[in-house]
Engineer: 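Dropping a structure here in structure tokens format, bear with me for questions.
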Amino acid sequence: MIGAKSVTGALCAVAGVLAGVFGVPANARAQPSANPVLLVHGWTAGGVLPVAADWSDALRSALEDDGRPVYVVDLPGELNIPNAEAIAQVARQASRDHGGAKVDVVGHSMGGLSARYFVKYLGGQDLTAHYVSIGTGQYGWYPTCVLPLDLGGEMCPASGFLAILNDGLDTPGDVSYTTLRTRADDAGPFHTPMDNRPLEGRSCVATGIDGGPHADEPKNPTVIAAILEALNDRCPGLVVDEKGPPA
């Protein structure tokens, strides 16, 4: 059993690594005319790294200016499957609110894993038009291997959750997949080639974005511009068809 002091120390250590890595007038906004967009926040280390109150404000404003209704998902914790279920609930509600429209899902950091689980396993393939991840370690991030599963350990490359998520094709269904990674995401002593390997299947990949610190990516104008490009079916990077890792 991991002691409380060990868990606290591990959380602080991983939080330290993460920290090191890392107006248009309302009356001028377009009326909603496009898919509703779900915004999904990232890892909070069980509250050690609480989500900033304004984490989605700039992105939400830009999306609304682009005529897109926005739903900010409040995740219940650090376990990805319950998080994916929360995303599915909001997605169904957003679709009902807008006459059965498909939704677009934008996930930051670990939120991109929960969002992809929703798309792959919880009916999201039929409900989702666009999936966009920002700074998500799609195949894991080694510093989290010291954490309990319910405090972020599911991001460990060897976790059972990632084995399930990445079993079979990573990009199923008639969904447009885009992965965005900044310079901060792919720098530092814990970076490995696995971090920015494209999803298996067809996707749009943009790396090396000048997006500032990891935690601030959803607020960064360059990242926001790339998200808008993706949601408007203009790949902000390169379209790839990844066949998966060698057997």
Side-chain angles (χ1 to χ4, degrees), residues 34-44 51 55-56 59-60 63 68-141 144 149-157 159-181 197-205 217-218 227 230-231 233 242:
N35 297 337
V37 182
L38 277 60
L39 302 182
V40 185
H41 68 76
W43 177 62
T44 69
V51 178
W55 80 271
S56 64
L59 178 53
R60 179 173 194 158
L63 291 166
R68 301 174 184 276
V70 176
Y71 292 73
V72 179
V73 182
D74 185 17
L75 299 179
E78 309 297 339
L79 292 173
N80 282 283
I81 294 177
N83 287 352
E85 291 168 347
I87 295 168
Q89 182 176 358
V90 177
R92 289 190 291 266
Q93 183 61 57
S95 179
R96 286 194 296 267
D97 290 347
H98 297 277
K102 287 192 172 186
V103 302
D104 298 332
V105 186
V106 179
H108 179 233
S109 195
M110 193 183 82
L113 298 178
S114 303
R116 188 156 68 85
Y117 190 95
F118 151 67
V119 173
K120 189 169 184 175
Y121 291 117
L122 299 183
Q125 293 178 51
D126 295 328
L127 198 55
T128 306
H130 299 86
Y131 164 91
V132 180
S133 69
I134 315 163
T136 298
Q138 297 287 356
Y139 301 103
W141 193 46
T144 62
L149 294 178
D150 62 350
L151 290 177
E154 286 189 337
M155 289 187 286
C156 177
S159 74
F161 168 75
L162 283 180
I164 295 170
L165 178 62
N166 294 318
D167 182 32
L169 186 65
D170 294 336
T171 55
D174 186 20
V175 180
S176 173
Y177 292 86
T178 299
T179 57
L180 307 176
R181 293 187 66 80
R197 179 163 66 84
L199 293 171
E200 182 182 350
R202 185 176 176 85
S203 66
C204 169
V205 178
E217 288 167 348
I227 293 168
L231 298 185
D233 295 317
E242 182 74 8

Engineer: Can you spot which of N166, T179, T171 makes a side-chain hydrogen bond (donor to acceptor under 3.5 Å, both in side chains) with R116?
Structural biologist: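 Single pass found, and it is N166.
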Engineer: Any heavy-atom pair between the side chains of L231 and L63 that's under 4.5 Å?
Structural biologist: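 When only atoms from C-beta onward are counted, L231 and L63 do touch, with a gap below 4.5 Å.
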Engineer: Is there side-chain contact between V70 and L59, with at least one heavy-atom pair below 4.5 Å?
Structural biologist: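 They are not in contact (no side-chain heavy atoms under 4.5 Å apart), so the answer is no.
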Engineer: In sequence, state the C-alpha distance, the side-chain angles, and the governing distance for K102 and D126, and then conclude on salt bridge (charged side-chain N to carboxylate O under 4.0 Å, His left out).
Structural biologist: CA-CA 8 Å; K102 287 192 172 186; D126 295 328; over 6 Å; no
Engineer: Begin with the C-alpha distance, continue with both residues' side-chain angles, and end with the deciding distance and a verdict on side chain to side chain contact (heavy atoms under 4.5 Å, CB included) for V40 and V106.
Structural biologist: CA-CA 6 Å; V40 185; V106 179; over 6 Å; no
Engineer: What is the ring orientation for W55 with H41, classed by angle as parallel under 30°, tilted 30 to 60°, or perpendicular over 60°?
Structural biologist: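 It falls in the perpendicular class, over 60°.
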Engineer: Restricting to non-hydrogen atoms, name the atom on W141 and the atom on P157 that form the minimum distance, rounded to 0.1 Å.
Structural biologist: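 For W141 versus P157, the nearest heavy atoms are N-CD, 3.8 Å.
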Engineer: Using a 6.0 Å cut-off, check whether atom CG of D174 has over 12 heavy atoms from anything other than its own residue.
Structural biologist: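 Count not over threshold, so no.
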Engineer: Count the heavy atoms belonging to other residues, nucleotides or ligands that lie under 6.0 Å from CD of Q93, then report whether that count exceeds 12.
Structural biologist: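 Yes, enclosed.
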Engineer: I need the minimum non-hydrogen distance between P36 and A101, along with the two atoms involved.
Structural biologist: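 Closest heavy-atom pair between P36 and A101: CD-CB, 4.1 Å.
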Engineer: When you measure from the centre of the six-membered ring of Y139, is the NZ or CZ of R197 under 6.0 Å away and within 45° of the axis?
Structural biologist: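 Satisfied, under 6.0 Å and within 45°.
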Engineer: Indicate yes or no: at least one non-hydrogen side-chain atom of Y117 is less than 4.5 angstrom from one of I87.
Structural biologist: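 Y117 vs I87: side chains apart.
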Engineer: Minimum heavy-atom separation for A91 and V103, please, with both atom names.
Structural biologist: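 Reported closest heavy-atom pair: O-CG1, 3.7 Å.
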Engineer: Working to the nearest 0.5 Å, report the span between CG of D104 and CD1 of I227.
Structural biologist: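 One finds 11.0 Å between CG of D104 and CD1 of I227.
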Engineer: Apply side chain to side chain contact (heavy atoms under 4.5 Å, CB included) to residues V119 and L127 and explain how you reach the verdict.
Structural biologist: CA-CA 8 Å; V119 173; L127 198 55; over 6 Å; no
